[in-house]
Amino acid sequence: MTLDKPALLQKYEEFKAKKLKLNIERGQPSDANFDLSNPMLTIITEKDVISKSGFDLRNYPGGPLGLPEAREFFSSILEVSPEETIVGNNASLEMLTELLMIFLIHGNRNSSKPWIEYKPPKMIVTVPGYDRHFKLLQTLGFEMIQVNMTSQGPDIDAIEKIAAEDETVKGLLFVPTYSNPTGDVVADEAVDRLASMKTKAVDFSIFGDDAYCIHHIYDNQKRPKNLLKACKEAGNPDRAIILSSTSKITFAGAGVGFIGLSAENVKFLNTHLSAHFITPNKIEQYRNVKFIQNYPGGIDQLMKDHAKILRPKYELVNQVLTEQLGESDLANWTKPKGGYFISLNTKYPVADRVVDLVKSLGVALTPAGATYPFGKDPANSNIRIAPTRPPLEELRPAIEVLALCIQIASWEYGNKNKIVN
Ligand code: PLP
């Protein structure tokens, strides 16, 4: 593809004149996705206040591990048992934070001392990855060791080496299914190796943030091997901690988070959690369970109905990028089968320039570098696209703008000259 300066500038000016105000920045469901769950708003009635398990949803008793009905239901999503499940409040990120803080202050059940006493404790993270993971680990004082996310999952050769050598490396945090932002899914072989690898730290923990474990956008997708089961089989049952939530099943930030971990870990955490609070919000837990169980076709159909809304958006992004950039090698991008993101890499180190140009045309995009710890992408090439929130008619111009800005930034890089000042 030959890039022609006057033609690029003309296209830029045409988009400028449109005074666009579009957003492909954050991974949020669209209103159409939320609307599927609107009946949940009124599904609880006075008849429900005493749950089937006998707890009064309005009152404290029940303990910190979650309503039995909720532990039963959400354990099935995680493919673990209810005894291996804790159901909490509205965010899996908050549950992750609470766990990390407990481990920092007390260590986990296999630790000889609190993690905070390692100066600093280290956590392996995958890149490109989720900006909120990086911010959280940074805030809590973890040193982050970066390994690449690959189409087979985290770079397992690198992880085995790092984990085997250093006792201060306390764990791995990654997204096993439809990773944020690449959409990669961990291969079964990688799961087995993570579960069985030798670690210098006896309290090494793998935090699998499985926010998208059932978020397929195409039918008949096989889930990766379950990390907790693999860890049990390998004789390291306490190693795996799987986290998820209803944020992209029902309402974002207004549902329930849940985690899967060994029954012994559940007992260990019960002691700590019961010192922190009396009960999670059992009304919200019951409401989500009742709504999803009563959804025609259950959880499978609900996720298929979400997919019906999301699939055309992913296909549109791929179509527009292929149309605009396909003949060139100015960028490559992922074609996920699920999750909430698409990851794009520019050929040249121009991601920051692309994001600035896109912004100048009224399109909000995740800041360049956000997919790396401290916002620093060493190649300055990764751009996260969040296609889920805008309707199709807004998504098309947003991606056209992105493609144009990749062309402009690439021309500028090659010619050491600016097209747009
Ligand atoms: N984990 C990942 C990988 C995400 O992409 C997101 C949201 O984008 C979250 C967690 C947030 O989940 P929650 O709302 O349960 O905190």
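Every number for a ligand or one of its atoms is a count from 1 in the order of the listing.
In terms of protein heavy-atom proximity, atom 16 (O) of ligand 1 is nearest to Leu93 N, 3.1 Å. Nearest protein neighbour of atom 12 (O) of ligand 1, counting heavy atoms only, is Ser92 OG, 3.4 Å. In terms of protein heavy-atom proximity, atom 8 (O) of ligand 1 is closest to Lys248 NZ, 2.8 Å. With respect to atom 10 (C) of ligand 1, the closest heavy atom belonging to the protein is Asp209 OD2, 3.4 Å. With hydrogens left out, the protein atom closest to atom 9 (C) of ligand 1 is Tyr130 OH, 3.4 Å, a heavy atom. Scanning the protein heavy atoms around atom 5 (O) of ligand 1, the nearest turns out to be Tyr212 OH, 2.6 Å.
Here is the list of ligand 1 atoms found below 4.0 Å of a heavy atom in Val175: 3 (C). Residue Ser245 has at least one heavy-atom neighbour below 4.0 Å for each of these atoms of ligand 1: 13 (P), 15 (O).
For Asp166 and Lys200, the salt-bridge test fails: no basic side-chain N is under 4.0 Å from an acidic carboxylate O.
Classified by interplanar angle (parallel below 30°, tilted 30° to 60°, perpendicular above 60°), the ring pair His276/His272 is tilted. Taking the six-membered ring for Trp and thresholds of 30 and 60 degrees, Phe103 and Phe268 have ring planes inclined between 30 and 60 degrees apart.
Geometric assessment of Lys248 against the ring of Tyr340 yields a positive cation-pi assignment under the 6.0 Å and 45° thresholds. A cation-pi arrangement, defined by a distance under 6.0 Å to the six-membered ring centre and an angle within 45 degrees of its axis, is present between Lys113 and Tyr118.
Between Phe134 and Tyr130, the distance separating the two ring centers is not shorter than 6.0 angstrom.
Counting only N and O atoms by type, the side chains of Asp238 and Asn110 include a donor and acceptor under 3.5 Å apart. Checking Gln301 against Asp305 by side-chain atom types alone, a donor-acceptor pair falls below 3.5 Å.
Looking at ligand 1, you'll find an N or O of Ser247 within less than 3.5 Å of one of its N or O atoms. The shortest N or O to N or O distance between Asn90 and ligand 1 is not below 3.5 Å. Not a single N or O atom of Gly27, backbone or side chain, sits closer than 3.5 Å to an N or O atom of ligand 1.
When heavy-atom distances to ligand 1 are checked against a 4.0 Å cut-off, Ala91 comes that close through both its backbone and its side chain. Of the heavy atoms in Asn180, only side-chain atoms (C-beta onward) come closer than 4.0 Å to ligand 1. By the criterion of a heavy-atom distance under 4.0 Å, neither the backbone nor the side chain of Tyr340 is placed next to ligand 1.
Put simply, the side chain of Asn236 never gets that close to the backbone of Arg239: no donor and acceptor are under 3.5 Å apart.
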